[in-house]
Amino acid sequence: MTGTEEEHRRARDGAGGDLASAPLAQLREAVSHATAAVRGDGSESSRSLRLERPKHAGQGDYATNAAMLLAPALRTRPPKIAELLARELHQELGELLERTEVAGPGFLNLFLSDAWYRRALRDLVAAGERFGAGQTTAPERILIEFVSANPTGPLVAHSGRHAAYGDSLVRILERYGHAVSSEYYFNDAGSQVELLGASVKARARGEEVPPGGYAGEYVAELAAVIPDAADGDVGELAQTAVELLLARIKQTLDRYGVHFDTFFLERTLHEGSPSPLEVVLARLEEAGALYRSEGALWMRTTAYGDDKDRVVVRTGGEPTYLASDLAYMVNKRDRGFERQLNPLGADHHAYVGELKAAAAALLGDPDAIEVPMIQFVHLVEGSQRAAMSKRKGAFVTLDELLDEIGVDATRFFMLRSSHDRTLDLDVELARRQSAENPVYYVQYAHARISSMLRRVSAGRLEEASAVRSDWGEGQLDPAERNLIKKLASFPDELAEAATRRAPHRIAAYALELAQEFTAFYRDCRVVGATPEPVESFRIALSAVSGRMIGTSLELLGVSAPESM
RNA sequence: GCCCCCGUAGCUCAGUCUGGAUAGAGCAUCGGACUUCUAAUCCGGUUGUCGCAGGUUCGAAUCCUGCCGGGGGCGCCA
């Protein structure tokens with residue numbers, strides 16, 4: 001299957017390999033060929049064969065560990081094998097490879113010629129917007145459901161991490177080549193919503209909210225806004241309150257730049273006869289996955305890998321959250337999504353086992369659903385931990401956070417560290433020293449490129465950005481080479497971010513790219529550089545850099561200003 | 001008690017999945033650079049028991065085991 005896809009891809013992009021991931025793909029292919037030649041058979045190269053960027057200067061532009069991997073099979077010392085690889089690579093790459101060097105325990109360090117760099121930039125220009133896009137060899141239809149905060153209050157700061165993570169992942173997965181749809185599961189049924197209605201009514205009457213009810217200031221506001229709340233029916237009050245809160249949540253998300261393809265109402269899983277919920281329970285019943293105990297209906301999730309069985313219908317006849325999720329899971333699959341992503345807060349981690357078991361039972365594969373754990377955000381005020389708990393309504397809303405530090409800084413901070421790590425966000429620092437935020441550094445690099453290119457005439461820019469190879473013969477500056485290498489690594493970074501569901505990789509990349517560009521800007525005159533081919537080369541390099549910084553920021557949902 | 005995540009520079013974090021060479025950024029701090037291709041920038045200095053201890057390996061921040069510390073969770077809440 002992937003074989004024919006691969007062939008198709010080659011046919012489409014020509015013999016030079018996939019343009020969208022060139023030029024590193026070409027280099028990797030050359031190493032792969034050389035490895036096969038040295039091994040003496042035509043077999044596929046080892047998956048762990050790597051082409052990496054050495055950490056230290058003087059160790060080449062790229063290095064491969066291929067010799068060390070081949071050593072056991074060939075029963076030869078790695079340095080010896082590296083020599084053989086070097087010979088093959090020189091033959092394959094010709095003038096593109098300046099020299100090689102065997103080093104350390106058996107690394108083969110590759111020093112690429114300026115011809116290779118010029119060709120790399122030419123490929124980057126030719127790939128244009130497609131660079132790094134559509135790399136996956138196995139496109140999937142993916143539904144990612146995220147935030148899904150209960151409509152019982154405004155979004156809190158922590159939801160901002162979920163929203164930024166999910167939205168960025170949508171963008172990353174789409175660019176990687178998947179068909180992605182985003183969804184907000186809106187829990188508008190059940191006891192929590194009922195309780196909200198009761199809380200609103202109590203507030204309208206000037207009474208204390210019921211035990212376990214919602215005491216936040218927004219409840220009083222709702223009570224004031226809804227007509228006749230003091231005498232209203234609790235169920236109707238709840239619906240009205242939920243609608244108002246949903247509108248507010250949507251408004252916040254909109255401001256945050258997060259857009260959902262669908263808002264899915266839980267209520268619909270309970271409507272109709274038989275309802276989707278009843279259908280899925282009947283199906284599980286038939287499969288012998290349900291049993292009755294202590295007055296409740298249980299699902300035998302332990303038969304599907306969970307560590308304990310779970311209640312699906314309570315003693316009182318009310319379905320649990322899991323029951324709705326079972327029906328929801330089937331609904332998603334019936335809409336054609338073969339993979340479901342469902343990032344959850346770390347406080348829900350105990351729920352993962354149930355979801356995996358449900359996927360095993362209903363979708364035939366526990367991995368049809370993935371549940372990335374989003375760790376908490378601690379808002380810090382200087383050295384004090386700000387109150388993030390929902391207790392007594394004392395929390396920081398996402399809107400308040402956006403008021404404080406802005407959309408771009410919030411999104412960047414939320415995304416720049418790994419989602420499975422707790423995040424300390426110092427609001428005071430972000431507010432007071434916003435000019436030193438990394439996000440501004442990246443944006444500034446983008447604005448600077450835009451400004452610089454505005455000085456170049458349209459014709460000149462077009463000419464420089466056309467695919468050409470007459471960029472001169474002079475020696476490139478190290479900063480130019482480093483910048484090109486950073487640009488060339490984008491497809492790998494995108495692949496990493498997509499397959500690991502890790503948007504923070506893109507944030508790190510954006511920062512590194514901005515740094516490399518700034519170093520280039522410092523060391524190399526662009527506009528007015530002489531001779532003409534050098535200026536042309538540098539204009540093209542700047543234009544590609546600007547586009548890649550813009551693309552990276554777009555994947556994060558952060559704006560890329562033309563001027564600052 | 002059991003389960004999950006985390007522990008890397010004074011602070012905030014990359015790097016861990018897939019072991020590789022002298023462990024990286026930003027902030028902070030000290031010194032320097034604005035007649036500029038935008039100084040929201042740049043240059044230079046300082047900064048490490050990769051929580052601890054074993055193990056596997058030619059090689060461990062990375063893999064395995066145990067422990068310590070922080071956070072979260074543990075049948076009819078979501």
Side-chain angles (χ1 to χ4, degrees), chain A residues 47-50 52 54-59 63 65 68 71 77-78 103-107 109 148-150 152 187 190-192 195 212 293-298 301 306-316 318-325 344-354 373-376 378 380 383 413 416-426 429-430 433-441 443-445 447-456 496 499-500 502 504-505 507-509 511-512 515 518-519 521-529 538 542 563-564:
Chain A
R47 283 187 65 196
S48 54
L49 183 145
R50 285 225 295 278
E52 55 195 24
K55 292 191 187 87
H56 303 283
Q59 296 178 339
N65 60 351
M68 286 178 281
R77 284 167 32 76
F107 288 103
N109 296 336
S148 298
N150 274 348
T152 51
N187 185 332
S191 57
Q192 294 303 309
L195 200 51
S293 174
E294 302 170 53
L297 189 63
W298 296 67
T301 52
D306 201 2
D307 57 351
K308 57 190 76 165
D309 288 342
R310 310 288 175 172
V311 171
V312 288
V313 179
R314 282 172 255 180
T315 306
E318 281 290 306
T320 61
Y321 187 84
L322 173 63
S324 297
D325 260 5
L344 290 179
D347 52 337
H348 289 68
H349 94 258
Y351 196 56
V352 177
E354 301 173 48
M373 289 282 95
I374 313 295
Q375 294 293 330
F376 294 121
H378 294 127
V380 180
S383 57
F413 265 94
R416 83 190 184 117
S417 60
S418 176
H419 60 87
D420 61 10
R421 181 174 171 138
T422 56
L423 176 67
D424 283 347
L425 203 168
D426 190 331
L429 190 78
Q433 303 186 322
S434 59
E436 274 92 16
N437 269 333
V439 64
Y440 293 106
Y441 183 92
Q443 290 181 315
Y444 185 74
R448 176 181 259 171
I449 293 169
S450 300
S451 164
M452 196 171 70
L453 294 181
R454 276 195 293 271
R455 301 172 70 96
V456 179
E496 185 89 352
T499 56
R500 284 176 58 184
H504 77 281
R505 297 298 306 247
Y509 176 76
L511 203 51
E512 289 161 11
Q515 281 166 347
T518 303
Y521 177 83
R522 178 191 70 226
D523 293 342
C524 303
R525 178 80 201 182
V526 178
V527 179
R538 289 179 179 171
S542 299
S563 63
M564 288 175 76

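Per chain, numbering begins at 1; letters A, B, ... match sequence-line order.
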Query raised in the report: Which part of the nucleic acid, if any, lies within reach of Ala447(A) when heavy atoms closer than 4.0 Å are counted: base, sugar-phosphate only, or nothing?
Result: base
**Report entry** Residue Asn109(A), side-chain atoms from C-beta onward, closest of A78(B), C13(B), A21(B)
**Finding:** A21(B)
**Report entry** Base C77(B) paired with Glu318(A) side chain (donor-acceptor, <3.5 Å)
**Finding:** no
Query raised in the report: When rounded to the nearest Å, what value does the distance between P atoms of C11(B) and U22(B) take?
Result: 27 Å
Query raised in the report: Among C13(B), G20(B), U41(B), which is the nearest nucleotide to the side chain of Pro105(A)?
Result: G20(B)
Query raised in the report: NA contact type, Glu354(A), heavy-atom cut-off 4.0 Å: base, sugar-phosphate, or nothing?
Result: nothing
Query raised in the report: Just checking, any donor-acceptor pair under 3.5 angstrom between side chains of Asp420(A) and Ser418(A)?
Result: yes
Requested in this report: Mind checking Ser417(A) for me? I need base, sugar-phosphate or nothing, with any heavy atom below 4.0 Å counting as a touch.
Outcome: sugar-phosphate
Requested in this report: Determine the interatomic distance between P on G45(B) and the same-named atom on A25(B); round to the nearest Å.
Outcome: 12 Å
Requested in this report: Write down the distance separating the P atoms in G55(B) and A14(B), rounded off to the nearest Å.
Outcome: 31 Å
Query raised in the report: Is His348(A) touching bases, backbone alone, or none of the nucleic acid, heavy atoms closer than 4.0 Å?
Result: base
**Report entry** Atom C1', compared across U46(B) and A40(B): separation rounded to whole Å
**Finding:** 25 Å
Query raised in the report: At under 4.0 Å between heavy atoms, what does Thr518(A) touch on the DNA or RNA strands: base, sugar-phosphate, or nothing?
Result: sugar-phosphate
Requested in this report: Tell me which nucleotide among A25(B), U22(B), C74(B) gets nearest to the side chain of Gln59(A).
Outcome: U22(B)
**Report entry** Rounded P spacing from G15(B) to U56(B) in Å
**Finding:** 29 Å
Query - Inter-nucleotide P distance (G72(B), U29(B)), Å rounded - result: 33 Å
Query raised in the report: How would you label the contact of Asp307(A) with the nucleic acid (heavy atoms, under 4.0 Å): base, sugar-phosphate, or nothing?
Result: nothing
Query - Tyr351(A) and Asp325(A): side chain donor to acceptor below 3.5 Å - result: yes
**Report entry** Inter-nucleotide P distance (U8(B), G71(B)), Å rounded
**Finding:** 15 Å
Report summary line: Closest to the side chain of Glu294(A), out of G73(B), G75(B), U38(B), is G75(B)
Query raised in the report: How is Ala63(A) classified with respect to the nucleic acid when contacts are heavy atoms under 4.0 Å: base, sugar-phosphate, or nothing?
Result: base
Query - Asn65(A) CG - G59(B) C1' separation (whole Å) - result: 13 Å
Query raised in the report: With respect to the phosphate group of G7(B), does any side-chain polar atom (N or O) of Arg421(A) fall under 4.0 Å of OP1 or OP2?
Result: yes
Query raised in the report: At under 4.0 Å between heavy atoms, what does Ser418(A) touch on the DNA or RNA strands: base, sugar-phosphate, or nothing?
Result: sugar-phosphate
Query raised in the report: Looking for any heavy atom pair under 4.0 Å, which part of the strands does Phe376(A) touch: base, sugar-phosphate only, or nothing?
Result: sugar-phosphate
Report summary line: Which of G15(B), A40(B), A21(B) is nearest the side chain of Arg500(A)? It is G15(B)
Requested in this report: Counting heavy atoms from C-beta on, name the nucleotide in C5(B), G72(B), A78(B) closest to the side chain of Asn150(A).
Outcome: A78(B)
Query raised in the report: With a 4.0 Å cut-off on heavy atoms, is Met564(A) in touch with a base, just the backbone sugar-phosphate, or nothing at all?
Result: base
Requested in this report: Would you indicate which nucleotide in C42(B), U38(B), A25(B) comes nearest to any side-chain atom of Arg448(A)?
Outcome: U38(B)
Query - Sugar-phosphate only, base, or nothing, as touched by Arg505(A) at under 4.0 Å among non-hydrogen atoms - result: sugar-phosphate
Query raised in the report: Is Arg454(A) atom CZ crowded by more than 12 heavy atoms from other residues, nucleotides or ligands, each under 6.0 Å away?
Result: yes
Query raised in the report: U16(B), G75(B), A21(B): which one has an atom nearest the side-chain heavy atoms of Trp298(A)?
Result: G75(B)
**Report entry** Interatomic distance at P, C6(B) relative to C17(B), whole Å
**Finding:** 12 Å
Requested in this report: Using a 4.0 Å heavy-atom cut-off across all strands, classify Ala103(A) as base, sugar-phosphate, or nothing.
Outcome: base
**Report entry** Near-parallel close stack of Phe107(A) and G20(B) base (under 5.5 Å, under 30°)
**Finding:** no
